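If you're wondering where the values come from, they're calculated on a predicted model, not measured in any experiment. Convention: sequence-line order gives letters A, B, ...; per-chain numbering from 1.
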Amino acid sequence: MPGVPEESVGGAARVHSMPGARVGGTTTIRRSHRTDQTQLDGSVVSLRHASVPGNAGQAAAATDDTQLFAVARDYANRVHDAWPQTQVWTMRDRADPNTMRVVVVAPTWDIDLMSAAIDMSVLPDVKDTGVFVDPSVFFSDSIMPPLEGFIRLA
Amino acid sequence: MPSEQDHRKQEARNWAFYREELGGRNAAYCEWAVTAIFYAAVHKVEAFLRRNNVPASGSHRDRKASLRGLRRLRAIATLEKLEIASREARYGCKTSFTPQNLDKFEEWADLDLTADLS
């Protein structure tokens, strides 16, 4: 990317599986000073929220992107495996660097899907990672949130 | 700032509104029924937060962050489910909640506020 040199440390960081977690594929997160990320379809999205201005100490102590995205991807895979008709999107929470916001999009209202998808975020092997998954469920035939800044995981 | 007791009273008023004015699980205006249940749960959480000396929440997101700080992850998940149902009722114009759905929402609103993460 012109004018934005790649970091020499790390360069391309492979997503590692967390203990007890199942991470599909071999997705690679490319880091630059803009902390861009390669999506599943090969396109690159800028993670504008990857650092927390004015909160550098907390950001430095926070879990790194690789761990955060591994946990989010594991959650996304669980949801998508159970309900292949869903889409799962994520972004790092701007206010809490250890939290991944996740939006599950189902085609239409389904109370059982909604309930189970939310409950999956507090399964022991998710919550024990120290990364918080903050999920919500929307329905594409109803109101939808703006997904700008989110990355599609499934 | 409303006290713990204020929030307990408001929780009780929401339940009374749900049961006495809306008709409970057989509510014709089920979109308001689910919303009354959601706000009863919100006030239950706010009462819990006051008891733990947490300031009033400025938003639903703030409330979840406070619960996260107190390691109440199951309560966050349950509150989120009620918020989704209420959002669909209020903004998604969903009016087809069944009595069985409302039974489930009542059950969810009886939030488990014990710590679930060390």
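For chain B, the option among A:Ala117, A:Ser136, A:Pro135 with the highest count of heavy-atom pairs below 4.5 Å is A:Ser136. Ranking B:Glu80, B:Glu88, B:Arg68 against chain A, the residue ahead of the rest is B:Arg68, based on heavy-atom pairs under 4.5 Å.
Residue B:Ala85 touches chain A through both its backbone and its side chain, counting heavy-atom pairs closer than 4.5 Å. With a 4.5 Å cut-off on non-hydrogen atoms, B:Arg87 touches chain A through its backbone and its side chain both.
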Query raised in the report: Between B:Phe105 and B:Phe97, is a ring pair (Phe, Tyr, Trp, His ring centres under 6.0 Å) present by the stated rule, with each step listed?
Result: CA-CA 10 Å; B:Phe105 299 152; B:Phe97 298 106; 5.7 Å; yes
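Remark: B:Lys81 engages A:Asp119 in a salt bridge, criterion side-chain N to carboxylate O under 4.0 Å. At a threshold of 4.0 Å, the pair B:Asp112-B:Arg72 does not count as salt-bridged, since none of the basic side-chain nitrogens sits closer than that to a carboxylate oxygen. Comment: B:Arg63 engages B:Glu46 in a salt bridge, judged by a side-chain N to carboxylate O separation of less than 4.0 angstrom.
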